[in-house]
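Only this structure's heavy atoms are used, side chains among them; waters, hydrogens and symmetry mates stay out. Note on naming: letters A, B, ... go to the chains in the order of the sequence lines (proteins, then strands), and numbering restarts at 1 for each one. Being a predicted model, the structure only gives us computed values, none of them experimental.
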There are 2 protein chains.
Amino acid sequence: MPSEERRELVLDAAMTVFGDLGYAGATTDMIARAAGVSQPYVVRMFGTKEQLFLDVLGRALDAIMQAFRTAIAGDPDLPLQRRLGLAYFELTANRGILLCLMHAFALGADPVIGPAARCGFMEVYQLLREEGGMDAPEASEFLAGGMLANVVLGVRLFDDYDSDPAVQELMGAVFPEKLDLIRRSHPPLKAATPARGGVSAPPR
Amino acid sequence: MPSEERRELVLDAAMTVFGDLGYAGATTDMIARAAGVSQPYVVRMFGTKEQLFLDVLGRALDAIMQAFRTAIAGDPDLPLQRRLGLAYFELTANRGILLCLMHAFALGADPVIGPAARCGFMEVYQLLREEGGMDAPEASEFLAGGMLANVVLGVRLFDDYDSDPAVQELMGAVFPEKLDLIRRSHPPLKAATPARGGVSAPPR
DNA sequence: GTCTATACCAAGATAGAC
DNA sequence: GTCTATCTTGGTATAGAC
């Protein structure tokens, strides 16, 4: 089987694992396992874990930009905000895309990931402004909705969907008319979530 | 000096370091250094790094909830959205608060941090809904703006403020009338950010 | 192109002195 | 209450065989 395909497989696996655990939390070994290859092979392919993350970030950004461009060129009978919203929603089917972006966006202080994340974030903004023809308030409002969607995804709110009416209400506001779809692609990991704990006591 | 004070010092340091590097990226040694104590002492105080992060998360949530409650009870001549927006903006002065929340919100898959993050997120939503008297669309719109502000903070957009007019425009939309203030409290780390790199080549 | 074996280092946690 | 020293694990990266 072609090695180019292998590479794509590893990138897919990396996107999922990085998405769930973050850059530092993920290990090259988990990624290798998820892709069905050996750990040294994944670092062989990408040089370093950091470079692998940068490649994953680039791929996530490409996915968003392409989805938005397609939406902008799409059916002119729908308003642009609506078309872009739908395109964003579809990205949601692969939560790795959005979650890796969120992790990158939270790492602005990193000397190498930070600049890449800033640059990618602004690329998306510019796309909305220039190719999408939005003005600044429109673009930032659209981005804001997207960031909230990312957080809802990242925090795994669906895990509490059944047990908490407030979650149902909020998710209904964030993903209007799309609830059934999004729940199908993100099955809960475990049962209900307990209360957040109080302050820890020193041991002994 | 009282050990309770020491504990606060360590929590402050942890909030900053976790905010910049994330849960997994931060080390207890960095936190200890930042607080001016020894590494074993910080794990002694909190039991585990994980528990320390949970405590920091709880403290960040408390800060937000208290700020919102104060805003809700504040000057009734200003509209509620405005009061809450100002309160949120003031939280920005300590970026650790918001950044730790973002990191936690991106770790929903974690078996112990995930539930705490979900619970905290919903607490904030419920506060807006019940004590703030917002309806679901209002609350989610407000949250969306907050999440975008978090991302702008996390990705360190101010670092490129001088060199990129688009950054100025976007930040003007996200923090209206507050730009000078926010730039003062978040001085750039380094120079300009280069383009994001292409695909990495295998070595050798 | 892909693996096994392994070197090497960093980080969380423990023991125990003061 | 706080430190120094250290144990132990686990994770990235390299060497080198197939």
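- Residue A/D29 contributes atom CG, which lies 17 Å from atom P of C/dT6 at whole-angstrom precision.
- Heavy atoms from other residues, nucleotides or ligands lying under 6.0 Å from CZ of B/R82 number 12 at most.
- Counting any heavy atom pair closer than 4.0 Å across all strands shown, A/T28 reaches sugar-phosphate atoms only and no base atom.
- Between B/L157 and B/Y161, every side-chain heavy-atom pair lies at or beyond the 4.5 Å cut-off.
- Nearest nucleotide to the B/T48 side chain, out of C/dA13, D/dA13, C/dT4: C/dA13.
- Taking atom CZ on A/R33 and atom P on C/dC3, their separation rounds to 13 Å, with Å as the unit.
- Taking atom CG of A/L52 as the reference point, atom P of D/dA13 lies 10 Å away to the nearest angstrom.
- Residue A/T27 is classed as a sugar-phosphate contact, given heavy-atom separations below 4.0 Å to backbone atoms only.
- Looking at B/L54 and B/F46, their side chains never come closer than 4.5 Å, going by heavy atoms from C-beta outward.
- Rounded to whole Å, the distance from CD1 on A/I31 to P on D/dG10 is 18 Å.
- Taking 3.5 Å as the limit, the base of C/dA13 and the side chain of B/Q39 contain a donor-acceptor pair of atoms between them.
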Worksheet item: Reading DNA chain C 5' to 3', how would its secondary structure be written in dot-bracket notation, given Watson-Crick and G-U pairs with both distances under 3.5 Å, brackets [ ] for crossing pairs and | for partners on other strands?
Response: ||||||||||||||||||
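- Put simply, OH on B/Y23 is 12 Å from C1' on C/dA11, counting in whole angstrom units.
- What separates CD of A/Q51 from P of D/dA13 is a distance of 11 Å, to the nearest Å.
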Do any side-chain atoms of residues 119-127 of chain A form donor-acceptor pairs under 3.5 angstrom with protein atoms, and if so which ones, sequence neighbours left out?
from: A/E123; atom 1: OE1; to: B/R196; atom 2: NE; distance (Å): 3.3
from: A/E123; atom 1: OE1; to: B/R196; atom 2: NH2; distance (Å): 2.9
from: A/E123; atom 1: OE2; to: B/R196; atom 2: NE; distance (Å): 3.2
from: A/Y125; atom 1: OH; to: B/E169; atom 2: OE2; distance (Å): 2.4

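- Here the side chain of B/S38 is nearest to one of C/dT4, D/dT12, D/dC3, namely D/dC3.
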Can you give the donor-acceptor pairs under 3.5 Å from side chains of residues 11-24 of chain A to other protein atoms, not counting sequence neighbours?
from: A/D12; atom 1: OD1; to: A/R59; atom 2: NH1; distance (Å): 2.7
from: A/T16; atom 1: OG1; to: A/D12; atom 2: O; distance (Å): 3.3
from: A/D20; atom 1: OD1; to: A/R95; atom 2: NE; distance (Å): 3.3
from: A/D20; atom 1: OD1; to: A/R95; atom 2: NH2; distance (Å): 3.0
from: A/D20; atom 1: OD2; to: A/R95; atom 2: NH2; distance (Å): 2.9

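- At a threshold of 4.0 angstrom between heavy atoms, the contacts of B/A26 are confined to the sugar-phosphate backbone, with no base atom among them.
- None of B/V43, B/V42, B/L57 except one satisfies the side chain to side chain contact (heavy atoms under 4.5 Å, CB included) rule with B/L52; the exception is B/V42.
- Between A/L148 and B/E141, every side-chain heavy-atom pair lies at or beyond the 4.5 Å cut-off.
- Taking atom CG on B/L21 and atom P on C/dA10, their separation rounds to 15 Å, with Å as the unit.
- Ranking C/dG1, D/dT14, C/dG12 by closeness to the A/S3 side chain, first place goes to C/dG1.
- Look at CZ on A/F53: it is 18 Å from P on D/dG11, rounded to the nearest Å.
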